[in-house]
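Following: one structure in structure tokens, then a few remarks.
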Amino acid sequence: MLEQKKLDEFLQVINENLKELREKKKEVDQENKELYDAYMEGDVELYSSLMVSSTMQDHVNHSITANESALEKTHFGRIDYLDQEKGEQYRLYIGKHGITKNATDIVIMDWRAAAASIYYEGTTGECSYRTPQGKMIPIRLDLKRTFDIDGPVLKGFYDSDTAANDELLIKYLAKNKDVVLGEIVATIQQEQNTIIRERPNRSMIIQGVAGSGKTTVAVHRISYILYNFSDRYDPSEICIIGSNDILLNYIASGLPSLDVYNTKQYRMEKLFEYLIGAYLPKKYEIIPTLVQESSELRLKSSLAFVQTIERWTRDEESRIIPTEEVRDKSYTFLSQESIDQYCRYFDDRSVVSKMENLNTRLAAAIKLEMDGEDANVRKEMLKKYKKHFSKNYKKRSLVQLYLDFLFSLEEHLANTTENANATEDANENSTNTNIMSSTTWSEWKKRVKKGFFDCYDLAAMALLAHGWLDEGDDDEFAQMYIDEAQDYGVAVYYVIKKRMPKTAFMIMGDVSQNINYDSGMNDWEELRQIMLPDSKDPSNEGLRGRFYTLCKSYRNTIEISNFAAQILDRSRFKTYPIEPIVRHGSPVGIWKENDETAMTMRVQALIEQLKKEDYKTIALICRDEDEAARLKALTNCVSDTGNEAVDCTTDSVTDGAIADTSADIIAGITVTVLPLALTKGLEFDAVILYNPNEECYADSERDAKLLYVAVTRALHELHIVYTGELCKLLSDCPTQP
């Protein structure tokens with residue numbers, strides 16, 4: 001059989017490559033050790049040679065890893081096509097890793113190569129593909145074939161005219177999560193591939209329903225960009241932002257398998273800490289915003305708050321920096337027009353930077369105008385005007401600047417409210433401007449003064465540092481990927497965009513999963529205006545931002561997806577349609593018990609049942625941390641080896657496993673108890689939702705989003721165990737035990 005013969009040939013090439021690479025590794029490792037030892041003994045001139053040797057060592061190790069991985073699955077696709085420009089016929093086999101023979105002849109094409117996009121997007125007949133440089137290549141696609149390969153065995157294949165790519169994907173998804181791992185490259189869908197291969201300098205917002213593969217798309221886009229644009233982007237210039245360490249560790253753990261190393265990862269608050277670390281006090285503490293829902297948080301997460309910071313900065317600048325002409329005796333050193341022109345031209349510079357530069361310009365003007373004067377006279381004049389443009393400025397720390405702004409804002413809002421209340425025809429917006437009590441203001445300022453900052457405090461201070469203290473924009477990151485973006489208010493994105501105007505952003509999330517209802521985003525409109533401001537400018541095609549929607553869910557069974565959709569249907573906020581891939585499973589189980597003891601017994605019985613069904617990851621999801629701690633103590637939920645563990649993935653069908661700070665990754669079945677807020681971005685083979693009764697969840701939009709998050713964590717089975725009355729948001733959903 002032709003395809004089995006091809007598989008055998010590829011395996012032979014890979015084994016030959018590995019033999020050569022392992023011999024090469026011995027040589028490189030020995031050379032690297034000798035250079036390192038000599039360098040450590042004091043021969044510093046060998047540093048450059050050591051760096052070159054280390055780079056070669058990394059290259060050899062990565063090549064060995066790629067070839068070893070290819071032994072398990074050499075390739076997943078084949079395309080036969082005619083290049084209509086060249087008139088040449090091609091037959092290409094496509095794999096997760098490109099494999100060459102004799103270091104030059106490509107036998108298996110890397111999935112990131114330009115022509116490989118034909119496999120993901122092309123249909124038989126006339127079509128085309130785009131090169132990374134943007135050129136469209138017209139072709140005639142004659143065959144598109146998908147393989148099911150297990151090591152040396154060809155188990156079958158599907159041609160595009162007899163089976164859709166979804167069919168293979170369904171086959172993978174029907175297995176438990178551990179079996180699915182690593183198959184995503186073979187099953188990237190057309191809408192995902194379009195985003196992955198978008199222009200590297202294009203910013204995007206991705207609205208993706210639960211399980212649509214948002215995180216998968218992001219990590220594969222990083223891999224695609226570094227593969228095709230290695231001359232333009234270094235991994236260290238790529239930054240990944242996540243809502244928690246679990247999510248970030250997972251993403252980081254999956255990147256090496258995609259040939260991506262040395263990227264930066266931060267939680268949102270840590271990003272701001274990194275940007276303004278030099279201005280922060282020696283002692284401070286970052287406090288969480290996850291569980292805060294308050295008038296303070298609603299205010300400082302809003303666009304109005306950060307825009308008010310900018311207005312206050314401009315007002316203070318106009319008060320501090322003199323704009324009158326600088327004239328002394330018969331000399332006019334700087335005219336008012338030249339000062340105004342400078343301030344307009346360098347409007348994006350900080351207050352301190354403007355003052356310093358204006359003082360420098362003034363000194364140069366004095367030297368020029370008084371070139372013929374006595375040196376001592378000129379020196380006295382320079383001394384007189386040395387700090388002319390900074391004479392009204394009182395040096396303040398970043399924290400003091402923030403406190404000064406808060407005092408000013410509190411006073412302004414109080415006056416606004418008083419004036420509005422005194423005016424009969426005051427509009428509604430004015431009368432509701434001051435949404436916080438004096439006690440709240442006092443506690444907020446006291447917390448800041450003591451050095452306790454949450455993410456929004458740090459964002460506000462980052463904007464103040466930009467407007468008052470910084471010397472320029474932050475250009476360290478060329479690409480930034482932000483996951484679970486809906487959990488943060490638009491304020492943080494406004495600040496990031498201001499500080500990084502040249503960065504290309506990929507922002508991913510699902511507004512239906514916003515667990516921070518009062519402070520996060522419940523729609524994308526404001527963010528689109530901030531991050532994609534030129535999206536309607538036809539003259540800027542290369543940089544125009546894009547808004548994409550991913551509506552197809554690859555995670556849940558039809559039964560779980562329908563259950564989740566019912567929760568959203570009962571809500572009034574804007575939702576995006578869910579298109580579940582056609583994969584059936586067990587109905588959602590609803591188990592009403594008499595008391596907590598009975599619930600605990602039901603949970604334990606369900607865990608044993610799910611273990612017997614060979615599910616590897618089981619999650620018990622509770623409303624909050626207290627309930628999770630109590631349930632963990634009651635059920636004694638541990639892994640088969642007796643260690644606490646968590647093994648979970650993100651909004652995707654990709655590989656990787658991660659642990660939080662209290663758990664270790666282990667082999668075998670893991671049972672994890674988690675508060676609902678920490679399940680964001682994760683998925684499990686089976687989920688047990690614990691006690692979602694009327695006392696725990698109200699019939700509100702906020703709780704609808706929380707429950708939607710909880711139930712969509714399950715790949716295959718979802719069970720609900722409760723006592724009392726089931727909450728209204730779940731009571732009408734399609735279920736049966």
Side-chain angles (χ1 to χ4, degrees), residues 76-77 79 94 111-124 127-130 132 134 136 141 144 146 158 160 163-173 180 183-200 202-225 228 258 481-486 504-513 524 528 532 535 544-556 558 561 565 575-583 649-654 681 683 712:
F76 56 80
I79 50 175
I94 303 166
W111 71 273
R112 296 166 292 186
S117 65
I118 301 169
Y119 172 78
Y120 297 112
E121 297 188 0
T123 56
T124 52
C127 58
S128 62
Y129 71 93
R130 191 181 70 196
M136 299 303 296
L141 180 59
K144 181 166 69 173
T146 299
Y158 309 87
S160 59
N165 198 30
D166 276 2
E167 202 166 310
L168 186 62
L169 179 58
I170 294 169
K171 178 175 180 289
Y172 292 141
L173 294 176
V180 173
E183 305 294 358
I184 182 61
V185 171
T187 56
I188 291 172
Q189 302 298 288
Q190 181 174 347
E191 68 274 16
Q192 296 172 329
N193 187 63
T194 299
I195 297 170
I196 289 169
R197 296 174 188 265
E198 259 289 11
R199 302 180 189 210
R202 174 165 280 159
S203 289
M204 296 179 284
I205 297 174
I206 315 297
Q207 156 60 40
V209 300
S212 58
K214 299 181 290 293
T215 307
T216 292
V217 169
V219 296
H220 285 77
R221 176 165 172 77
I222 293 171
S223 179
Y224 168 80
I225 288 174
N228 287 284
L258 294 168
Y481 297 77
I482 304 176
D483 206 358
E484 300 297 338
Q486 76 283 342
F505 294 92
M506 182 172 174
I507 298 172
M508 305 156 281
D510 178 11
V511 290
S512 295
Q513 297 184 64
W524 296 108
R528 291 179 72 167
L532 312 177
S535 59
R544 283 193 298 163
R546 293 282 173 87
F547 182 86
Y548 284 99
T549 57
L550 294 174
C551 295
K552 187 177 289 188
S553 175
Y554 304 99
R555 175 186 296 152
N556 315 122
I558 289 286
S561 288
T575 61
Y576 290 83
I578 304 173
E579 302 171 9
I581 195 166
V582 182
R583 180 174 66 89
T649 65
T650 60
D651 252 348
S652 64
V653 283
T654 185
E683 62 183 28
T712 54

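Below, each value reflects all heavy atoms present in this structure, side chains not excepted, and no hydrogens, waters or symmetry copies. If you read the sequence from its start, that first residue is 1, and numbering goes on from there.
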Original post:
What residues form a side chain to side chain contact (heavy atoms under 4.5 Å, CB included) with Ala565, not counting sequence neighbours?
Top reply: none
Original post:
Can you find a heavy atom in the side chain of Gln190 that is under 4.5 Å from one in the side chain of Tyr120?
Top reply: no
Subject >> Side-chain heavy-atom pair Ile222, Leu258 within 4.5 angstrom cut-off >> reply: no
**OP:** In sequence, state the C-alpha distance, the side-chain angles, and the governing distance for Leu141 and Ile118, and then conclude on side chain to side chain contact (heavy atoms under 4.5 Å, CB included).
**Re:** CA-CA 8 Å; Leu141 180 59; Ile118 301 169; 3.8 Å; yes
Original post:
What distance separates Ile581 CD1 from Ser212 OG, expressed to the nearest 0.5 Å?
Top reply: 12.5 Å
Original post:
Minimum heavy-atom separation for Val209 to Ile578, with atom names?
Top reply: CG1-CG1, 4.1 Å
Original post:
Does the side chain of Cys551 reach to within under 4.5 Å of the side chain of Pro577, using non-hydrogen atoms?
Top reply: yes
Original post:
Side chains of Phe76 and Thr146: closer than 4.5 Å at any heavy-atom pair?
Top reply: no
Original post:
Taking it one step at a time, do Arg546 and Glu198 satisfy salt bridge (charged side-chain N to carboxylate O under 4.0 Å, His left out)?
Top reply: CA-CA 10 Å; Arg546 293 282 173 87; Glu198 259 289 11; 3.1 Å; yes
Original post:
Within a strict 4.5 Å, meaning less than it, do heavy atoms of the Lys214 and Tyr548 side chains meet?
Top reply: no
Original post:
Which heavy atom in Ile206 sits nearest to a heavy atom in Met506, and how many Å separate them?
Top reply: CG1-CE, 3.9 Å
Subject >> Spacing of CG belonging to Leu550 relative to OG1 belonging to Thr194, to within rounding of 0.5 Å >> reply: 9.5 Å
Subject >> Heavy-atom closest contact (Pro200 atom, Ala504 atom, distance) >> reply: O-CB, 3.6 Å
**OP:** Enter the distance from Ser561:OG to Arg555:CZ here, rounded to the nearest 0.5 Å.
**Re:** 9.5 Å
Original post:
Which value, rounded to the nearest 0.5 Å, describes the distance between Phe547 atom CZ and Met204 atom CE?
Top reply: 12.5 Å
Original post:
For Ser223, what residues pass the side chain to side chain donor-acceptor pair (under 3.5 Å) criterion, not counting sequence neighbours?
Top reply: Arg112
Subject >> Row check, Tyr481 ring normal vs Arg221 NZ/CZ: under 6.0 Å, within 45° >> reply: no
Subject >> Partners meeting side chain to side chain donor-acceptor pair (under 3.5 Å) with Arg197 (sequence neighbours left out) >> reply: Asn193
Subject >> Tyr554/Arg583 under side chain to side chain contact (heavy atoms under 4.5 Å, CB included): CA gap, chis, key distance, verdict >> reply: CA-CA 9 Å; Tyr554 304 99; Arg583 180 174 66 89; over 6 Å; no
Subject >> Partner residues of Trp111 under the side chain to side chain donor-acceptor pair (under 3.5 Å) criterion, sequence neighbours left out >> reply: none
**OP:** Calculate, to the nearest 0.5 Å, the distance between atoms CD1 and CD belonging to Ile507 and Gln486 respectively.
**Re:** 11.5 Å
Subject >> Least distance between heavy atoms, Tyr129 atom then Ser117 atom >> reply: CB-OG, 3.6 Å
Subject >> Under the salt bridge (Lys or Arg N to Asp or Glu O under 4.0 Å) test, residues paired with Glu121 that sit two or more places apart >> reply: none
**OP:** Measure the shortest side-chain to side-chain distance between Glu191 and Ile195 over non-hydrogen atoms and say whether it is less than 4.5 angstrom.
**Re:** no
**OP:** Over all heavy atoms of both residues, which pair between Pro132 and Ala114 is shortest? Give the atoms and the distance, please.
**Re:** CD-CB, 3.7 Å
**OP:** Tell me yes or no: between the side chains of Gln207 and Asp510, is some donor less than 3.5 Å from an acceptor?
**Re:** yes
Subject >> Distance (rounded to the nearest 0.5 Å) between Arg528 CZ and Ser203 OG >> reply: 13.5 Å
Original post:
Excluding sequence neighbours, so at least two apart, what forms side chain to side chain donor-acceptor pair (under 3.5 Å) with Tyr576?
Top reply: none
